[in-house]
Visitor: 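Structure incoming, see below.
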Amino acid sequence: MAKSDLDNANPTVLSVSQLPSRNLAKGHERKGPDSKYDHILFPKQWWAGSSLNNDPSVWTSDEDEDDDLTLATEEPIDEQEIYDLLSTISDPEHPVTLGQIAVVRLDDIHLSASPAERLDPNTLTNVEVDLTPTVNHCSLATVIGLAVRVRLENALPPNYRIIVRMKDGSHAQDDQVNKQLGDKERVAAALENDTLKGIIEKMLETCV
C-alpha cells in the first residue's frame, strides 16, 4: 500500500517501554524520555498513597491465612490482562501494534463483574473495549474491531461477553461501525470472507 493511500501516514507511535504493564500498574516510577506521556497512560489512582495501604485492618488475621493462600493460587482476569491480549495486535496499515498507536488503551477496557465474581465460571462478565482510531475517518475501523473481537473470543472463557466499539466521538461513523461490530450475524458473515480473514490472521500473528 502506497504511503499516500494510508488513512494516517504518520501516526504517533509509542515505544514498547511506554505501554502499560503490570509492573507499572504497581507504581514503579519511570524516568527518562520514555516517561513523557506517563501522566496520560498511567493516571494516578485515587487510593495511591492513601492511609488505606498502611492500615493494619486491611490485612487478614492468622486464622484466615489458609483461605488467603487458597485464593492466591487463582487470580481473576483483569483489565491489564485484557490489555496485554490486545495491545500486541498489529495495525493493518503500519508495522506497529495497536498498543503502540494507542488504538487500544488500558483506561478504555472495562469488566462488569467484581474480581471475586470473575473466579466463578457461572458468572457472566461483560468485557467492554472502546477503541480510538488514529484518525476519525479510519476506513479500517471495522477490521480492527473484528480483530480485537476474534482475539478475545479465542482467549477468554465462554462466560465472558465481549463488547467492542469505537469510543464516542472518535470516528465519524462510529454509530455505523458499532452496529456492525455488535451484530453477531454480520460479524460471523464478515469472518467467512477469505480476504478479511487473511487480514485478521496477519494482524494476530504478533500476539503472544
Side-chain angles (χ1 to χ4, degrees), residues 1 5-8 11 13-14 16 19-22 75-113 118 121-168 170-208:
M1 184 181 293
D5 295 331
L6 301 177
D7 284 342
N8 186 358
V13 180
L14 303 173
V16 174
L19 304 183
S21 70
R22 198 163 297 281
E75 294 184 359
I77 295 171
D78 61 9
E79 291 83 355
Q80 179 67 55
E81 189 167 350
I82 300 297
Y83 177 84
D84 291 342
L85 288 171
L86 302 179
S87 63
T88 53
I89 298 175
S90 291
D91 179 74
E93 287 188 329
H94 300 280
V96 294
T97 67
L98 298 186
Q100 287 179 282
I101 53 177
V103 171
V104 173
R105 304 179 184 186
L106 180 58
D107 287 348
D108 292 332
I109 297 173
H110 307 283
L111 299 176
S112 63
R118 285 176 230 148
N122 296 316
T123 296
L124 178 63
T125 299
N126 288 337
V127 182
E128 300 180 7
V129 180
D130 291 335
L131 303 175
T132 304
T134 58
V135 289
N136 67 358
H137 57 275
C138 179
S139 61
L140 295 171
T142 302
V143 175
I144 292 172
L146 286 172
V148 167
R149 188 180 185 93
V150 169
R151 173 64 168 152
L152 293 180
E153 287 179 345
N154 290 340
L156 296 178
N159 61 310
Y160 280 71
R161 178 172 174 263
I162 299 161
I163 302 170
V164 180
R165 60 198 174 207
M166 297 298 113
K167 192 172 183 177
D168 287 346
S170 66
H171 194 279
Q173 297 179 318
D174 53 6
D175 286 343
Q176 180 177 337
V177 174
N178 291 343
K179 285 181 181 178
Q180 292 176 333
L181 294 175
D183 188 323
K184 291 184 178 180
E185 292 184 359
R186 296 174 73 175
V187 168
L191 295 176
E192 291 179 358
N193 181 291
D194 289 338
T195 300
L196 181 56
K197 188 188 301 183
I199 293 173
I200 292 175
E201 289 176 350
K202 185 71 174 177
M203 294 172 67
L204 299 180
E205 285 181 357
T206 50
C207 294
V208 293

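Predicted, not measured: the structure shown is a model, and the values here were computed from it.
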Visitor: List the atom pairs, donor and acceptor, that lie under 3.5 Å between side-chain atoms in residues 187-196 and the rest of the protein, sequence neighbours left out.
Guide:
residue, atom, partner, partner atom, Å
Asn193, OD1, Thr195, N, 2.9
Asn193, OD1, Leu196, N, 2.9

Visitor: In residues 123-130, what donor-acceptor pairs under 3.5 Å come from side-chain atoms, sequence neighbours left out?
Guide:
residue, atom, partner, partner atom, Å
Thr123, OG1, Glu117, O, 3.4
Thr123, OG1, Asp120, OD2, 3.4
Asn126, OD1, Arg161, NH1, 3.3
Glu128, OE1, Arg165, NH2, 2.9
Asp130, OD1, Arg165, NE, 2.5

Visitor: What are the two closest non-hydrogen atoms of Ala147 and Ile200, and how far apart are they?
Guide: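 So the two residues come closest at CA-CG2, 4.0 Å.
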
Visitor: Give the intermediate values and the outcome of side chain to side chain contact (heavy atoms under 4.5 Å, CB included) for residues Ile144 and Met203.
Guide: CA-CA 9 Å; Ile144 292 172; Met203 294 172 67; 4.3 Å; yes

Visitor: Does a side-chain heavy-atom distance below 4.5 Å link Ile89 with Leu204?
Guide: yes

Visitor: Looking at every non-hydrogen atom in both residues, tell me the closest pair between Thr206 and Thr88 and how far apart they are.
Guide: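 What the structure gives for the nearest pair is OG1-O, 2.6 Å.
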
Visitor: Asn159: which residues meet the side chain to side chain contact (heavy atoms under 4.5 Å, CB included) condition with it, sequence neighbours left out?
Guide: Pro157

Visitor: So does Asp168 have more than 12 non-hydrogen atoms from other groups sitting under 6.0 Å from CG?
Guide: no

Visitor: Measure the spacing between CG of Asp174 and NZ of Lys179 and express it to the nearest 0.5 Å.
Guide: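 Going from CG on Asp174 over to NZ on Lys179, the span is 11.0 Å.
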
Visitor: Taking the side chain as every heavy atom from C-beta outward, state whether Val148 and Ile162 have any pair of such atoms under 4.5 Å apart.
Guide: no

Visitor: Check whether any side-chain heavy atom of Leu146 lies under 4.5 Å from a side-chain heavy atom of Leu181, and answer yes or no.
Guide: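 Leu146 reaches Leu181 side chain to side chain.
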
Visitor: Kindly compute the distance separating CG (Leu131) from CG (Asn178), expressed to the nearest 0.5 Å.
Guide: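 So the CG of Leu131 and the CG of Asn178 are separated by 9.0 Å.
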
Visitor: The criterion is salt bridge (charged side-chain N to carboxylate O under 4.0 Å, His left out); which residues satisfy it with Lys202, sequence neighbours excluded?
Guide: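 In terms of salt bridge (charged side-chain N to carboxylate O under 4.0 Å, His left out), with neighbours along the sequence ignored, Lys202 is linked to Glu205.
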
Visitor: Please report the interatomic distance CG(Asp84) to CD1(Ile77), rounded to the nearest 0.5 Å.
Guide: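 If we round to the nearest 0.5 Å, Asp84:CG and Ile77:CD1 are 12.0 Å apart.
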
Visitor: Which heavy atom in Val104 sits nearest to a heavy atom in Tyr83, and how many Å separate them?
Guide: O-CE1, 3.6 Å

Visitor: Okay, side chain of His171, backbone of Cys138: is any donor-acceptor separation there less than 3.5 Å?
Guide: yes

Visitor: Taking all non-hydrogen atoms of both residues, which atom of Cys207 and which atom of Leu85 are closest, and how far apart?
Guide: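 Looks like SG-O, 4.2 Å.
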
Visitor: Rounded to the nearest 0.5 Å, how far apart are CG of Leu111 and CD1 of Ile82?
Guide: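 Interatomic distance, Leu111 CG to Ile82 CD1, rounded to 0.5 Å: 5.5 Å.
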
Visitor: Taking all atoms of both residues into account, what is the closest heavy-atom pair of Asp78 and Arg118, and its distance?
Guide: CA-NH1, 3.7 Å

Visitor: State, with a plain yes or no, whether a side-chain heavy atom of Leu86 is found less than 4.5 Å away from one of Leu98.
Guide: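 Contact flag for Leu86/Leu98 side chains = no.
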
Visitor: For Thr97, what residues pass the side chain to side chain contact (heavy atoms under 4.5 Å, CB included) criterion, not counting sequence neighbours?
Guide: Gln100

Visitor: Considering residues at least two apart in sequence or located in another chain, which fulfil the side chain to side chain contact (heavy atoms under 4.5 Å, CB included) criterion with Ser170?
Guide: Thr132, Pro133, Met166, Lys167

Visitor: Any side-chain heavy atom of Thr134 within less than 4.5 Å of one from His94?
Guide: no

